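Notes to accompany the following structure.
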Amino acid sequence: MNRQFEKILVTAALPYANGKIHLGHLAGAYLPADLYVRYQRLIKRDVLFICGSDEHGVPITITAEQEKTTPQAVVDRYHELNKKAFEQFGMSFDNYSRTSLPLHHETAKEFFLKLFNAGILKEKKEKQLYDNKADMFLPDRYVEGTCPVCSNPDARGDQCEKCGTFLNPIELKNPRSKITGETPSVKETTHLYFPLGDYQKKLEEYISAADKRDGWKENVLQYCRSWFKEGLQDRAVTRDLQWGVKVPLSSFDRKVLYVWFDAVLGYISSTKEISNLKKKPDMWKEYWLNPSTKYVAFIGKDNVVFHCIVFPAMLMAWNEQGGDQYILPENVPANEFLNFEGQKFSKSRGWGIDVDEFLAEFPADDLRYTLTMNLPESRDADFYWKDFQARVNNELADIFGNFVNRTVTFVHKNFDGKVPEQNKLRAEDEQIIFLAKRCAVNAGEFFEKYKFRDATLEVMNLTRAANKYFNDNEPWKTIKSDPERCSTTLNVCLHLVNWLAILFEPVLPFTSEKIWKLLFHTNVPNDAGWVSVGKFLLQSGNPINQPEILFNKIEDETINKFISQLPNQQNPALKPMTFKPTVSIEDFQKLDFRIAEVLQAEKVSKSEKLLKLKVKIGSDERQVIAGIALHYKPEDLVGKKIVVIANLAPAKLMGQESRGMLLAASDEEGHLAVLIPEKIVLDGGIVK
RNA sequence: GGCGGAGUAGCUCAGUAGGUUAGAGCAACGGAAUCAUAAUCCGUGUGUCGGGGGUUCGACUCCCUCCUCCGCUACCA
């Protein structure tokens, strides 16, 4: 069933260097990966933990343009910020690389060339519109023009909304770029495609076999099934862009590898980098090319298709050519998403909190524990400030912190700060020792199965049992009545502290170190390892340090401050405003805005958002389709005076003709407010 | 509208080869203790397992249907 692997290779999704990481990222991929790796190190497995920044792709170039800087400057900034945030959070990567390094470019090119030379990649020629001013090929939706079928002047590049015809952007008459407004020219471009469909059967077999061996998560299998059900399609490997890994073919200059292709290879180049840094240039092969290495890829659910389907298919394609044989992920334990106070993290709405901001206020272990106990392992979960406070105060501080504190304080008050003698063990002593050993076994099994919440709960329950042991043995009484017994009790308690430091190390590495220093005057808990749980490592008579408070409680005031800072109507999140390109007054005057009275309104059948309105504009009556059904009931609008664009080209929506468009304001969350004149005006009136 | 996911205790969540009285943590209530960051430990749940129907000796678990929520998508303001 569970093969015995010599080595373990762990990767965590490469964060995109176009923004800061937030708590959702941690809960989705990074924390679980770190927990797994730290546990594996404690049981002395040979494990290598790889990550790095994903630094290519269009969004980064757009950020660079907006900030009037270069893509390199953008990725430099976020690479450093995220690397630092990860360190502060206690991520124990063996290497944190970046895909803009030459080493990565070489690796990606090598991979690409192998597939290309083997004839795996399919070449497809296509004509695309090219924006000379922006110096780029335009994606379908970035083009507008006149529909060749119905002459609608505002047809989109992919489809005319008036007549419903599916279009190729080059068929448009009078096309214009949505980016610069310029008239694009037609250029032929050639792209290479990876034939994912050819690998579908092998991929299904691979996933099914790996699932049988290592037990894949149900949600991950679900995502894969739905992809297989739809059938895998060819996927473009190349792209017309400047920023990225240049395609190493003379006929493909000015093109780069599509970011999905190069990003996953970043794991390999990051491993190569650490090999070079360690002066063991072939070390990476002991992991990637070694069939007795277990490869586990930690990701968030948005990445399932890349790690369960695309990346394995790429590796299969490589392996088919003979030579070096790469291993495939043995498991891809993707988590669902962590929401924040009941809503999705959203940068644009200012909803959520970034890791660096959080850690400026609270210790990393507080956050690690709270997130671990609330990981979205099988479905979306939520981060609540109140829950965070409760977990830190009631569990970390009261149960764990207090146990350490009461034990160490007692030893200092009654045993001169030296490890008390262990005398004859009684049944109750053996019992708690047994519980500790069993806890190590149970928690260990949970770690192996990627069930980190259960593993940590197990350890917290042992901590409860430790408190009970202290209570039941009443050392504050036996110190007078039976000092020998008291000595044994405290000896056991100190060892419990020691074992808890080991058991909690994956979750609370910083605290674990503090405890180790307290007991042994060094700070390397890993040396003892998981097997030391249940063993008596403390020498009687050895001095221990004075206790320090391990977990400070979080006051209501502190938490309320953060809660009140959440964006809302009174407290909107400000983000830099960006506007569309300037237009002339003549352009504006082409638009004919009019006051209209709503005579009738009804829902468009089979549509969620559309309302069919009959409106009166002076002597004119017409039908207008408006996408406001989620926010207005038909009866709310009847009789209201609204603003419409009267000379907009007619369009057909869900089979209904719409002549004109009503004006409504919307906010970031998509709430709509129909514009209504502030004073009574006659319908037909001009709006300017 | 289409596809997918979810709906279990006041809160956050576990719970699939269908099987004994449906679980954990927190909160709440009662009690014990006083070494400790007033911290600890023990005890306490009449939960329509979203509603309804079906299969079965037996359904939280399988099938059908309906309701609600979330995501993607379509329609787009």
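Since the model is a prediction, treat every value here as computed from it, not as a measurement. A, B, ... follow the sequence lines: proteins, then strands. Residue 1 opens every chain.
Here A:L519 pairs with A:L494, A:V497, A:N498, A:I515, A:L538, A:I544 under the side chain to side chain contact (heavy atoms under 4.5 Å, CB included) rule; sequence neighbours left out. Residues that satisfy the side-chain hydrogen bond (donor to acceptor under 3.5 Å, both in side chains) test with A:K616, not counting sequence neighbours, are A:D683. With sequence neighbours left out, A:F562 forms a ring pair (Phe, Tyr, Trp, His ring centres under 6.0 Å) with A:F362, A:W385. Residues forming a ring pair (Phe, Tyr, Trp, His ring centres under 6.0 Å) with A:F345 (at least two apart in sequence, or on another chain): A:H22, A:F340. Looking at residues two or more places apart in sequence or on another chain, you find no salt bridge (charged side-chain N to carboxylate O under 4.0 Å, His left out) involving A:E458. By the ring pair (Phe, Tyr, Trp, His ring centres under 6.0 Å) test, A:F410 is found to be paired with no residue, residues two or more places apart in sequence or in another chain being considered. By the side chain to side chain contact (heavy atoms under 4.5 Å, CB included) test, A:R225 pairs with A:E218, A:L221, A:Q222, sequence neighbours left out. Contacts of A:N471 classified as side-chain hydrogen bond (donor to acceptor under 3.5 Å, both in side chains), with partners at least two apart in sequence or in another chain: A:R406.
The separation of B:U65 from B:C70, taken at their P atoms, amounts to 23 Å, rounded to a whole angstrom. B:A17 and B:U61: their P atoms are spaced 14 Å apart (whole Å). One P atom belongs to B:G18, the other to B:G71, and the distance between them is 32 Å to the nearest Å. Straight-line distance between the C1' atoms of B:U40 and B:A22: roughly 30 Å, to the nearest whole Å. Rounded to whole Å, the separation between the P atoms of B:G53 and B:A6 comes to 24 Å. When the C1' atom is used for both B:G25 and B:G50, the distance is 24 Å, rounded to whole Å. For the C1' atom pair drawn from B:G47 and B:A9, the interatomic distance equals 5 Å after rounding to whole Å. Comparing B:C29 with B:G19, their P atoms are spaced 37 Å from each other, to the whole Å.
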Review item, nucleotides 39-43 of chain B N/O atoms under 3.5 Å of protein N/O:
{"from": "B:A39", "atom 1": "OP1", "to": "A:K553", "atom 2": "NZ", "distance (Å)": "2.9"}
{"from": "B:A39", "atom 1": "O5'", "to": "A:K553", "atom 2": "NZ", "distance (Å)": "3.0"}
{"from": "B:A39", "atom 1": "O2'", "to": "A:D398", "atom 2": "O", "distance (Å)": "2.9"}
{"from": "B:A39", "atom 1": "O2'", "to": "A:N402", "atom 2": "ND2", "distance (Å)": "2.4"}
{"from": "B:U40", "atom 1": "O2'", "to": "A:R406", "atom 2": "NH1", "distance (Å)": "3.3"}
{"from": "B:U40", "atom 1": "O2'", "to": "A:N471", "atom 2": "OD1", "distance (Å)": "3.4"}
{"from": "B:U40", "atom 1": "O2'", "to": "A:N471", "atom 2": "ND2", "distance (Å)": "3.2"}
{"from": "B:U40", "atom 1": "O2", "to": "A:N471", "atom 2": "ND2", "distance (Å)": "2.9"}
{"from": "B:C41", "atom 1": "O4'", "to": "A:N471", "atom 2": "ND2", "distance (Å)": "2.7"}

Listed pairs, N/O of protein and of nucleotides 8-10 of chain B, under 3.5 Å:
{"from": "B:U8", "atom 1": "O4", "to": "A:R379", "atom 2": "NH2", "distance (Å)": "3.0"}

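In terms of modelled atom types and a separation under 3.5 Å, the side chain of A:E377 and the main chain of A:N335 share no donor-acceptor contact. Side chain of A:E597 to main chain of A:K641: no donor-acceptor pair is present (N/O by atom type, distance under 3.5 Å, no hydrogens or angles).
Residues A:N552 and A:S378 both approach RNA chain B. Their nearest nucleotides, taken by heavy-atom distance, put A:S378 toward the 5′ side.
Rounded to an integer number of Å, the gap from CD of A:E474 to C1' of B:U34 is 10 Å. Summarising the geometry, the separation between CZ on A:R391 and P on B:C11 is reported as 16 Å, rounded to the nearest angstrom. If you measure from atom CD of A:E555 to atom C1' of B:U37, you get 11 Å, rounded to the nearest angstrom. Rounded to whole Å, atom P of B:C26 lies 18 Å from atom CZ of A:F388. Residue A:L375 contributes atom CG, which lies 13 Å from atom C1' of B:U12 at whole-angstrom precision. A:K386 has its NZ atom 13 Å from the P atom of B:A27, to the nearest Å. Atoms OH (A:Y369) and P (B:G25) sit 11 Å apart, rounded to a whole Å. Atom OH of A:Y469 and atom C1' of B:A36 are 17 Å apart (whole Å).
At the heavy-atom level, A:M661 lies under 4.0 Å from the strands shown only through sugar-phosphate atoms. Among the protein residues, A:D454 comes within range of no part of the nucleic acid, since none of its heavy atoms lies under 4.0 Å from any strand. Counting non-hydrogen atoms under 4.0 angstrom, A:E395 reaches the backbone sugars and phosphates but no base. Among the protein residues, A:F337 comes within range of no part of the nucleic acid, since none of its heavy atoms lies under 4.0 Å from any strand. In this structure, A:L662 reaches the sugar-phosphate backbone alone: every heavy-atom distance under 4.0 Å involves primed, P, OP1 or OP2 atoms, never a base. Among the protein residues, A:L457 comes within range of the sugar-phosphate backbone only, with heavy atoms under 4.0 Å from sugar or phosphate atoms but none that close to a base.
Heavy-atom neighbours of A:K386 NZ from other residues, nucleotides or ligands within 6.0 Å: above the threshold of 12. Within a 6.0 Å sphere centred on CH2 of A:W260, heavy atoms belonging to other residues, nucleotides or ligands number more than 12.
Classification of the A:F551-A:F400 ring pair by plane angle, with boundaries at 30° and 60°, yields tilted. Using bins of under 30°, 30° to 60° and over 60° for the plane-to-plane angle, the ring pair A:F358/A:F388 lands in the perpendicular bin. Between A:Y369 and A:F504, the ring planes lie perpendicular to each other; the angle is over 60°, past the 30° to 60° tilted range.
Against RNA chain B, the stretch residues 218-225 of chain A makes heavy-atom approaches under 4.0 Å through A:E218, A:Q222.
The aromatic ring of A:W476 is stacked on the base of B:C35, with the two ring centres less than 5.5 Å apart and the planes inclined by under 30°.
Looking at A:K301 and A:D380, a side-chain N of the basic residue comes within less than 4.0 Å of a carboxylate O on the acidic one, giving a salt bridge.
Stem regions for RNA chain B, each three or more consecutive Watson-Crick or G-U pairs with both distances under 3.5 Å and listed by first number, read B:1-7 with B:67-73, B:10-13 with B:23-26, B:28-32 with B:40-44, B:50-54 with B:62-66.
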